[in-house]
Enquirer: 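The structure under discussion is supplied below as structure tokens; questions concerning it will follow.
So that the names make sense, note that chain A is the first sequence line, chain B the second, and so on, each numbered from 1. What you see is a predicted model, and the numbers here were worked out from it, not measured in a lab.
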Amino acid sequence: MALEASEHKRSLSRKTSDRQMSGKAKPGKGKTADAGKESLAAKLKGAKQAPLPEFVEPQLATLVKSAPSGKRWIHEVKLDGYRLQARISQGKVSLLTRKGLDWTHKFGKAISSALLKLPVSDAVIDGEVAVEAGSGATDFSLLQQDLSDGRQDRFTFHVFDLLYLDGYDLAAVPLLKRKEILETILKDCDPALRYSEHFGDEGGIVLKHACRLSLEGIISKVATAPYRGGRGRDWVKSKCSARQEFVVAGYVPSSVSKTAIGSLVMGYYENGKLRHAGRVGTGYSNAVAQSLFKRLDELRIPKSPFDEKLTAVERKDVVYLKPELVAEVEFRGWTADSHIRHAAFRGLREDKDAGDIVREGAAEAEDAPMPAKRTVNLTHPDRVYWPDAGVTKAGLADYYTQVWRLMAPFVVNRPLALLRGPDGIKGQLFFQKHGWKGMNKNAALVKDPADPEQEDIIIRDLDGLLGLVQGAALEIHPWGSTVNDWEKPDMVNIDLDPGDGVSWERTIEAAYEVKRRFAEMGLTAFVKTSGGKGLHVVAPVKPKAEWPQVKATMKALADGMAADEPDKYVSTITKSKRTGKILIDYLRNGRGNTAVAPYSTRARPGAPVSMPIEWEELTDAISPNYFTVANAAARIAQQTRDPWREFRKAEAPIVFKEKK
DNA sequence: GCCAATT
DNA sequence: AATTGGCAACGCTTT
DNA sequence: AAAGCG
């Protein structure tokens, strides 16, 4: 399918004539109206005159263990979408998959018409279609959802190469030169198109930054290389977390619902034989699980499709399937017995053939030692707590297992309030701070010395936290003091809650203002996303002052901000909801009050988490709910430094100023 | 998630 | 036998 | 004084 360009002719010719001013005109072959544009391509060394090709085999990247270093490489962000080749020919656009199938119609008019507005008449452009999740990150499962819902308003086409332009084949032109021309063409284009920038820094550094932003990884390319179809070494990809396609070879029915999936059984081919790769039990939303079930049902076969004998455990409850579907899976590594570990479903890949699926990255580093098997028993591990994000109870337990090392100092031995939701975030949620009958024994109860009637919940180790997961704790809210000294907080917390119409930039500005005021008091501020709407600024304090003074001090800070800039900030609750202001919420600093813990999940759509970050990361690249259960693991696994590593070391006493 | 009280 | 209620608490504002 | 709201 292709689209007519009539309505865009005018803008096209205007841009063309603009360009003629600076370019050296050189007539091309078989062109009439657009003769001037030839200059762009023709002056390039290596460009050769050729007819517009029907399809160019896309260049593919080889997976490598670590990003290449050295000046010959440039690096681009790896996007999580569909590779697409845009072919523009005399006012018609077609979008071709990596195998040359015409998928123009699947992506709606926005991309096609944006391409037609470019100042070219014939071109082949290489890129990736993606859907932006929230602010900036691209998400393959969202893309997939939009495709199946027929939703077409969120697609963006990120272009990174130009293979043909107005009569000239550019394949032999060095990459940087091709990108330079491409960038010129893309200048001031429709926002549905994005030029994919590259970075010249060391590969390792670029990768680290990409991973910190929970992106999928980077593609590194030889700056001077020509375009060559197929998989080669001129383009290499390095990933933040292991992620690859597998063949769906079976499923285990859900223990909860009859028409849902508990887990998928995955496989890959090795020398033509189908090998077993383990199960994937988390990551699919309800909607996906529904449609998946329908498709899987039609593929049922009585006997195992694997070319190897499965163990009794591997076989348990499995319904075998004809190995036709291909799914993308994110996982933390391979176990010694060649199973994928901590695997999460990321979507079906309709553009891949099951027969082509092999184990990637054979050159990968040795697998990390097998983590100890979970000892806390989870009833209904495949109960879905976040239906839209596909996070199950077991998935929640896996998440906490991964972040535990970093999270522990903020939750161990602190009285806790829990937001529980046994039926997931769509069911009824309730707070709970005292023990209950049937509470998992890995969590403990401690008498509040000031109120021995009450037994507060604490945890001492990961098993304690997993015990709370078993109790369907979807949010963890600790006190600011520990049971070593209930009356003296060792941290303070300011919650910045932007009202309607407050920009992200202004919320960031507010965080810096709190940081500045903390610094004036001698406190070191740390910042985290809230997982909701705003930001949390937290400071460690020496457990010296008691709750009433600490609270008064924080109230003074909040009131001070509101008084100094009343059109920006308010310090009392209800008035705040009035648009355009940021609520400086200090009330998390009283005895028995709690604030959501660093790394705690939030019982909100998308399974966001409250993520500690460096101040430098506080930019418009992220948002309050940018980090989620799905993308946090990649960030944690990759980051070399804990953003809050200095937290305990930075503690200082609060000096209470008596007011006159 | 689970117990207890209620229909 | 099946359904329903409960499971925090605090300062503040509106009713 | 009670009820609503983060």
Enquirer: Please report the distance, rounded to the nearest Å, between CG in A:Asn589 and P in C:dC10.
Expert: 15 Å
Enquirer: Collect all protein-nucleotide pairs involving nucleotides 1-7 of chain B in which both atoms are nitrogen or oxygen and the distance is under 3.5 Å.
Expert:
| unit_1 | atom_1 | unit_2 | atom_2 | d |
| --- | --- | --- | --- | --- |
| B:dG1 | OP1 | A:Thr379 | O | 3.4 |
| B:dG1 | OP1 | A:Thr379 | OG1 | 3.4 |
| B:dG1 | OP1 | A:Lys393 | NZ | 2.2 |
| B:dG1 | OP2 | A:Tyr385 | OH | 2.4 |
| B:dG1 | OP2 | A:Pro422 | O | 3.2 |
| B:dG1 | O4' | A:Arg420 | NH2 | 3.4 |
| B:dG1 | N3 | A:Arg420 | NH2 | 3.3 |

Enquirer: Using salt bridge (Lys or Arg N to Asp or Glu O under 4.0 Å) as the criterion, list what pairs up with A:Lys437, not counting sequence neighbours.
Expert: none
Enquirer: Answer with yes or no whether the side chains of A:Asp559 and A:Ser571 bring together a donor and an acceptor at under 3.5 Å.
Expert: yes
Enquirer: The criterion is side-chain contact (heavy atoms from CB on, under 4.5 Å); which residues satisfy it with A:Lys515, sequence neighbours excluded?
Expert: A:Tyr512, A:Ala525, A:Trp615
Enquirer: With the side chain of A:Tyr586 defined as its heavy atoms from C-beta on, choose the nearest nucleotide among C:dC12, C:dA8, C:dC10.
Expert: C:dC12
Enquirer: Can you tell me, in whole Å, how much space there is between the C1' of C:dG6 and that of D:dG6?
Expert: 22 Å
Enquirer: Suppose we screen for side chain to side chain donor-acceptor pair (under 3.5 Å). Which residues come up paired with A:Arg420, at least two apart in sequence or across chains?
Expert: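 Partners of A:Arg420 by the side chain to side chain donor-acceptor pair (under 3.5 Å) criterion, ordered by chain and then number, come out as A:Gln432.
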Enquirer: Find the distance A:Asp585:CG to C:dG11:P and express it as a whole number of Å.
Expert: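 These atoms are roughly 13 Å apart.
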Enquirer: Find the distance A:Lys551:NZ to C:dC10:C1' and express it as a whole number of Å.
Expert: 7 Å
Enquirer: Using the ring-ring contact (aromatic ring centres under 6.0 Å, His included) rule, collect all pairs that involve residues 468-501 of chain A, keeping only residues at least two apart or in two chains.
Expert: A:Phe431-A:His477, A:Trp479-A:Trp486
Enquirer: Let me know the distance between CD of A:Glu455 and P of C:dC7, rounded to the nearest Å.
Expert: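 So the two atoms are 17 Å apart, to the nearest Å.
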Enquirer: Output the rounded distance in Å from NE2 (A:His536) to C1' (D:dG6).
Expert: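 After rounding, the gap between these two atoms is 12 Å.
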Enquirer: Restricting to side-chain contact (heavy atoms from CB on, under 4.5 Å), what partner residues turn up for A:Ala595, sequence neighbours left out?
Expert: A:Asn493, A:Arg588
Enquirer: Given that A:Thr594 and A:Lys555 both sit by DNA chain C, which one's nearest nucleotide is further toward the 5' end?
Expert: A:Thr594
Enquirer: Dot-bracket for DNA chain D, please. Rules: Watson-Crick or G-U, both distances under 3.5 Å, ( ) within the strand, [ ] when a pair crosses earlier ones, | for another strand, . otherwise.
Expert: |||||.
Enquirer: What's the CD-P distance between A:Gln454 and C:dC7, to the nearest Å?
Expert: 11 Å
Enquirer: Can you check the distance between C:dA9 and B:dC3, where both ends of the measurement are the C1' atom (answer in whole Å)?
Expert: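 Approximately 23 Å lies between the C1' atom of C:dA9 and that of B:dC3.
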Enquirer: When you get a sec, tell me which of D:dG6, C:dA8, C:dC10 is the closest nucleotide to the side chain of A:His434?
Expert: C:dA8
Enquirer: Expressed in whole Å, how much space separates the C1' atoms belonging to B:dG1 and C:dG11?
Expert: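 Each nucleotide's C1' atom is 31 Å from the other's.
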Enquirer: Between C1' on C:dC7 and CG on A:Leu474, what's the gap in Å once rounded to a whole number?
Expert: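 To the nearest whole Å, that distance equals 14 Å.
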Enquirer: May I have the distance from A:Trp547 (atom CH2) to C:dC10 (atom C1'), rounded to whole angstrom?
Expert: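 After rounding, the reported distance stands at 14 Å.
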Enquirer: Taking only residues two or more places apart in sequence, or in another chain, which ones meet A:Asp642 in a salt bridge (Lys or Arg N to Asp or Glu O under 4.0 Å)?
Expert: none
Enquirer: Do A:Gln470 and A:Lys393 have side-chain atoms, one donor and one acceptor, less than 3.5 Å apart?
Expert: yes
Enquirer: What pairs of residues pass the salt bridge (charged side-chain N to carboxylate O under 4.0 Å, His left out) test when at least one of them lies in residues 463-480 of chain A, not counting sequence neighbours?
Expert: A:Glu475-A:Arg602
